[in-house]
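As the structure lists them, so they are numbered: ligands from 1, and atoms in each ligand from 1.
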Amino acid sequence: MTQPRNVVVGVSGGIAAYKACHLVRDFKERGDDVRVVPTPSALNFVGAATFEALSGNPVDTGVFTRVDEVQHVRVGQEADLIVVAPATADVIARIAAGRADDLLTATVLVATCPVVLAPAMHTEMWLNAATRANVDTLRSRGLTVLEPAHGRLTGKDSGPGRLLEPAQIAELARTVAEVGPLGRGLEGERVLISAGGTQENIDPVRFIGNRSSGRQGFALAELAAQKGAQVTVVAGDTDELSAPAGAEIVRVRSTRDLEAEMNARATEADIIIMAAAVSDFRPAAEANSKLKKGVDTDALSRIELVENPDVLRGLVDKRRAGETNATIVGFAAETDDVLVNGRKKLERKGADMLMVNSVAGGAVFGQPSNSGWLLGADGSVAEIAEGPKQVVAARMWQAIEAQER
Ligand code: CTP
């Protein structure tokens with residue numbers, strides 16, 4: 001289902017409840033029918049009138065309102081997607097215990113659709129053994145409990161427990177609706193991803209760059225973090241994207257900077273993905289001051305280029321030398337004979353897997369969606385159906401996890 005129709009936004013009683021308003025708007029703006037189901041305590045933070053106005057639907061909290069409509073069963077049965085944000089430690093505990101003492105928990109107990117919980121609580125509560133056990137229980141039952149963000153909480157303290165941004169929650173929930181629960185297939189794995197485009201300076205104001213937006217690499221990073229990995233992203237130029245939640249980010253500019261940062265981290269990585277669009281060549285010399293038309297016409301009209309290192313091949317060489325054991329995944333953007341050229345490139349580079357996509361006619365670069373084939377060095381081909389880049393990232397991780405096993 002590309003677009004969930006009936007979305008239930010569950011809201012439990014935490015200070016982050018006000019952010020649920022943005023979540024409701026996000027779904028509404030995409031044409032979904034949204035029903036907000038707050039717990040009684042959520043209404044201490046945001047009034048029912050706000051949720052009713054934003055969703056255009058009535059708001060009830062208990063199982064004894066509008067009994068003739070059998071709401072405690074109907075809302076859950078009719079839902080295509082349930083997102084609980086914020087999910088407090090208390091509501092997580094009640095859902096894990098199978099309670100149905102208010103409309104929200106009754107709705108979740110009835111539902112057979114995807115359920116996504118976005119926790120928000122103090123770090124101590126998130127780390128408490130009771131919450132950990134409840135979260136594990138829910139995940140083992142196929143509910144998706146998102147990893148909260150790290151950051152400032154209500155008081156002076158900071159740590160894991162902050163609600164993810166509403167836009168991130170909405171996007172992750174849509175991905176779950178499309179591909180199923182995110183799962184914890186990367187628990188404890190160390191994932192290193194390069195993303196974005198590199199830039200090679202000609203002079204202080206000009207450079208050679210490319211149209212990569214960094215979206216696909218960031219989506220892979222964000223999902224890896226949600227699947228339990230410890231993630232580092234080495235990012236070149238990216239569109240105005242917000243940094244992927246839960247990942248460490250290292251900014252670079254040129255191919256050689258990117259190479260140095262990737263090599264320095266390769267030994268510690270279990271999985272390396274080269275999603276960056278790396279400039280194959282750079283100007284032989286970088287001018288210290290701006291080249292002037294009329295004065296430096298020669299230098300400007302004939303920029304001599306020298307080849308950059310092949311970062312992916314260098315990483316494969318490192319593994320051959322025993323300096324890393326990481327599984328290495330590359331990308332290939334091709335315009336013609338996509339699968340044939342992709343297979344050749346995989347062999348030439350010596351990586352374990354290569355995600356090949358067709359970029360003919362301006363597809364992929366800077367675009368919100370993607371598709372392709374994940375080729376394995378063992379001869380396997382996994383088709384990655386077209387979808388938003390985060391959905392593609394989720395499908396890629398499913399295929400990578402299956403190959404790694
Ligand atoms: N790559 C790299 N270093 C380079 C060029 C590419 O690490 N100097 C990586 C990319 O990040 C990608 C893969 O290699 O994961 C394939 O990139 P692509 O540009 O398609 O390959 P090229 O080797 O440059 O081949 P082509 O001649 O088709 O451009």
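Residues meeting the side chain to side chain contact (heavy atoms under 4.5 Å, CB included) test with Lys227, sequence neighbours left out: Leu186, Trp397, Glu401.
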One pair to check against side chain to side chain donor-acceptor pair (under 3.5 Å): Thr137 and Asn134. What are the steps and the verdict?
CA-CA 5 Å; Thr137 299; Asn134 291 331; 5.2 Å; no
Starting from the C-alpha separation in whole Å, work towards a yes-or-no answer on salt bridge (charged side-chain N to carboxylate O under 4.0 Å, His left out) for Asp257 and Arg251.
CA-CA 9 Å; Asp257 296 344; Arg251 295 279 179 184; over 6 Å; no
Working note: Thr131 + Asn128, criterion side chain to side chain donor-acceptor pair (under 3.5 Å); need CA distance, chi angles, decisive distance, verdict.
CA-CA 5 Å; Thr131 308; Asn128 185 285; 4.8 Å; no
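In this structure, the side chains of Asn308 and Arg256 come closer than 4.5 Å at one or more pairs of heavy atoms.
The contact shell of ligand 1, taken as protein residues with any non-hydrogen atom closer than 4.0 angstrom, comprises Met274, Ala276, Val278, Asp280, Pro309, Asp310, Val311, Leu312, Gly330, Phe331, Ala332, Ala333, Lys345, Arg348, Lys349.
With a 6.0 Å cutoff to the six-membered ring centre and a 45° limit on the axis angle, Arg343 does not count as a cation-pi contact of Trp373.
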